[in-house]
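Computed from heavy atoms alone, side chains included, the values below leave out hydrogens, waters and symmetry copies.
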Amino acid sequence: MAQLVGPLRKELADSLFSCRVLVVGAGGIGCELLKNLVLTGFKNIEVIDLDTIDVSNLNRQFLFQKKHVGKSKAQVAKESVLRFCPSANITAYHDSIMNPDYNVEFFRNFQLVMNALDNRAARNHVNRMCLAADIPLIESGTAGYLGQVTVIKKGQTECYECQPKPTQKTFPGCTIRNTPSEPIHFLYTDTSHRNLFGEEDADQEVSPDTADPEAAWNPADAAARATASDQDGDIKRVSTKEWARSTGYDPVKLFNKLFKDDIMYLLTMDKLWKKRKAPLPLDWTEIKQIGKEACGTGLKDQQVLGVQGYTQLFRRSVETLRSQLIEKGEGAELVWDKDDPPAMDFVTAAANLRMNVFSMNMKSRFDVKSMAGNIIPAIATTNAVIAGLIVLEALKILNSDFDQCRTIFLNKQPNPRKKLLVPCALDRPNSNCYVCASKPEVTVKLNVHKTIVQALQDKILKEKFGMVAPDVQIEDGKGTILISSEEGETEANNNKFLSDFGIRNGSRLQADDFLQDYTLLVNVIHSEELEKDVEFEVVGDAPDKAPAPSAPEEGKNIANGNKDSAQPSTSSKAAEDDDVLIIDSDEEPSSSTMEASPESSNRKRKHHDADDAASKRKRLDQQPADDDEDIIALD
């Protein structure tokens with residue numbers, strides 16, 4: 001391959017030759033980025049990644065081959081890239097970027113840092129290290145067909161944490177098993193697969209949950225009313241795996257237990273269905289009598305098969321998994337793997353049949369895989385486009401054209417002006433940011449009589465505010481040390497309540513993270529009226545406040561769940577919620593927002609746990625009608 005230095009001015013080419021860059025991450029984006037850097041003329045590159053190569057990486061991370069499985073991503077990426085440009089000077093670290101060895105002085109060795117990460121904690125950390133070292137950071141991310149690149153410069157642009165990110169939701173097990181209301185609830189993923197074919201987990205049982213506090217039912221009365229089949233699946237309270245094994249993993253018996261008997265058992269819990277549409281059991285015999293359904297159009301993975309199609313897929317996948325189990329021998333177990341076709345077929349079929357039972361539109365195999373375990377299918381072309389954009393932004397910075405740097409969004413389909421790539425002006429720093437403000441400060445509401453020091457350290461300072469090794473001092477006039485990053489120094493405090501140290505309403509704590517060169521002032525508000533199971537609240541933290549739901553339209557059929565239940569699969573409609581068009585106006589908009597009203601400022605598109613992406617986009621309601629589309633940001 002020829003190097004691409006030719007079109008660059010000599011001064012810029014010389015700058016590429018001499019500058020040192022740090023690439024954080026050697027996965028999907030990282031592989032493409034490393035290749036682009038050496039072919040553009042960058043000679044001094046350091047790359048760090050803690051991960052090792054998995055077989056599932058090989059379809060898109062082209063620097064890796066089958067023989068590399070199990071080896072360090074950073075080291076193999078270095079070796080592969082040197083084949084493109086043997087004269088490059090590349091250093092690889094098989095390590096975590098959050099290791100204290102990579103301190104502020106380490107970051108100051110570079111003229112540029114480029115993130116190719118897949119998790120928020122590491123992104124937060126690199127963001128802070130670059131701010132402390134005053135080094136430009138190019139942040140990037142992809143989620144399926146969507147992608148984003150932005151530039152972060154201390155004092156000139158928003159940092160990665162200027163806009164709060166919504167926390168990932170978790171769902172109670174009884175909700176998922178008894179009253180699912182969203183497509184994500186139907187993904188048995190490793191739960192059903194494991195409880196039938198793998199290691200048992202009583203906490204992840206897939207049959208109805210009799211302990212559901214909302215049910216408030218009488219088991220004796222319910223048992224008398226239950227009319228479940230004794231032939232095609234016994235609903236007595238035994239483990240699912242034990243029962244499945246006793247049937248020889250008979251697909252018909254499994255089907256009738258999961259989608260008929262268990263559902264009829266649920267129907268005896270009358271109270272659950274007073275304000276919900278009751279589920280509709282499926283019967284194997286009745287489905288067999290249905291005429292052949294029309295097959296969906298398009299790619300195989302993007303077709304929605306219908307009840308009969310998913311019933312047959314369920315049968316075939318169970319038979320295949322049963323054969324795999326027999327081959328492994330007595331007492332063997334299968335391990336859930338999203339890249340194992342029979343396992344994915346089983347999850348797709350089971351999830352869709354449950355969706356049908358609970359009156360929701362079914363999804364394609366592609367959609368199911370997208371949701372399974374919060375996994376968003378990685379698209380090699382998206383990674384390649386984003387990696388190219390990273391290098392273009394890097395060239396602007398090295399050419400002292402920072403004013404030309406942009407946040408660039410890659411969309412799933414062309415906007416009305418037939419463009420997929422849309423640049424937006426970089427936003428100024430958020431004056432209220434608790435990371436890059438001149439004096440970072442937050443207010444936390446908690447119960448000082450119930451919150452222990454360990455929770456303050458782990459859940460608030462580390463998990464919520466992204467610190468790595470915090471030291472905390474109480475501003476009480478005495479300089480009381482509450483938490484020390486020195487091992488063993490304050491361990492005796494861990495299980496004591498904050499009130500034991502005189503912390504009360506209005507107290508102030510100074511938290512320092514010397515690794516990140518970061519200080520945060522924490523104002524404490526004492527409250528005894530927090531919601532159940534809520535340990536603390538960050539006052540003014542926008543993502544924790546969801547917009548009010550809109551009123552349902554009259555005349556619509558009753559259905560469980562959110563609006564998604566009334567929409568067809570992504571593979572069967574022209575534009576769905578994730579198919580968000582991006583503004584491309586003559587006047588370049590900000591990458592964040594131009595708020596027109598309280599309503600418009602609250603309207604955000606959630607891209608749930610696309611852990612592989614950057615941050616936000618909001619609706620710009622002041623644009624002309626033909627440009628009134630959503631700008632999204634990925635996380």
Side-chain angles (χ1 to χ4, degrees), residues 28-29 32-33 36 60 138-151 296-304 363-364 366-367 369-370 376-393 396 404-427 563-564 567-594 600 603-608 610 612-635:
I29 296 176
E32 297 283 352
L33 178 57
N36 289 350
R60 62 193 182 280
I138 303 178
E139 179 61 82
S140 66
T142 62
Y145 294 101
L146 304 172
Q148 175 177 331
V149 174
T150 193
V151 177
T297 58
L299 297 174
K300 183 178 178 181
D301 268 14
Q302 297 186 8
Q303 294 176 1
V304 178
K363 299 286 184 181
S364 69
F366 182 89
D367 295 329
K369 190 171 183 179
S370 298
I376 294 181
I379 309 296
T381 307
T382 309
N383 291 334
V385 172
I386 293 303
L389 293 172
I390 294 172
V391 174
L392 291 177
E393 294 305 304
K396 295 175 187 176
Q404 299 302 313
C405 290
R406 297 290 181 266
T407 293
I408 305 171
F409 298 107
L410 170 64
N411 203 40
K412 191 173 180 179
Q413 65 182 42
N415 67 3
R417 296 171 184 253
K418 298 182 170 55
K419 293 187 178 181
L420 284 172
L421 293 175
V422 179
C424 297
L426 297 173
D427 289 304
K563 65 179 180 181
D564 189 71
Q567 297 292 339
S569 163
T570 53
S571 53
S572 60
K573 63 177 178 175
E576 49 106 33
D577 287 347
D578 282 351
D579 263 341
V580 186
L581 298 183
I582 303 174
I583 293 174
D584 179 36
S585 59
D586 295 330
E587 292 186 11
E588 196 171 56
S590 156
S591 63
S592 178
T593 182
M594 286 160 37
S600 66
R603 224 160 26 197
K604 289 185 181 178
R605 183 182 81 80
K606 284 187 179 179
H607 200 295
H608 214 26
D612 230 357
S615 86
K616 78 269 160 214
R617 304 182 192 171
K618 297 179 186 174
R619 181 176 294 275
L620 308 185
D621 285 336
Q622 292 179 333
Q623 297 295 326
D626 62 342
D627 282 340
D628 187 17
E629 307 293 351
D630 276 353
I631 280 190
I632 53 158
L634 314 172
D635 192 350

Please round to the nearest 0.5 Å and tell me the distance separating atom [atom1] of [X] and atom [atom2] of [Y].
{"X": "Ile379", "Y": "Lys412", "atom1": "CD1", "atom2": "NZ", "value": "9.0 Å"}
{"X": "Thr150", "Y": "Ile408", "atom1": "OG1", "atom2": "CD1", "value": "9.0 Å"}
{"X": "Ile390", "Y": "Ser140", "atom1": "CD1", "atom2": "OG", "value": "3.5 Å"}
{"X": "Ser364", "Y": "Gln302", "atom1": "OG", "atom2": "CD", "value": "6.0 Å"}
{"X": "Leu389", "Y": "Leu33", "atom1": "CG", "atom2": "CG", "value": "11.0 Å"}
{"X": "Asn36", "Y": "Ile29", "atom1": "CG", "atom2": "CD1", "value": "11.5 Å"}

Which heavy atom in [X] sits nearest to a heavy atom in [Y], and how many Å separate them?
{"X": "Ala380", "Y": "Glu32", "value": "O-OE2, 4.4 Å"}
{"X": "Arg406", "Y": "Leu426", "value": "C-CD2, 3.7 Å"}
{"X": "Val304", "Y": "Lys363", "value": "CG2-C, 4.0 Å"}

Any side-chain heavy-atom pair from Val422 and Asn411 closer than 4.5 angstrom? no
Answer whether the closest heavy-atom distance between the side chains of Val385 and Leu421 falls below 4.5 Å. yes
Where the side chain of Lys396 meets the backbone of Gln404, is there a donor-acceptor pair that is under 3.5 Å apart? yes
Checking Thr382, Asn383, Thr381 against Thr142 for side-chain hydrogen bond (donor to acceptor under 3.5 Å, both in side chains), the one that qualifies is Asn383
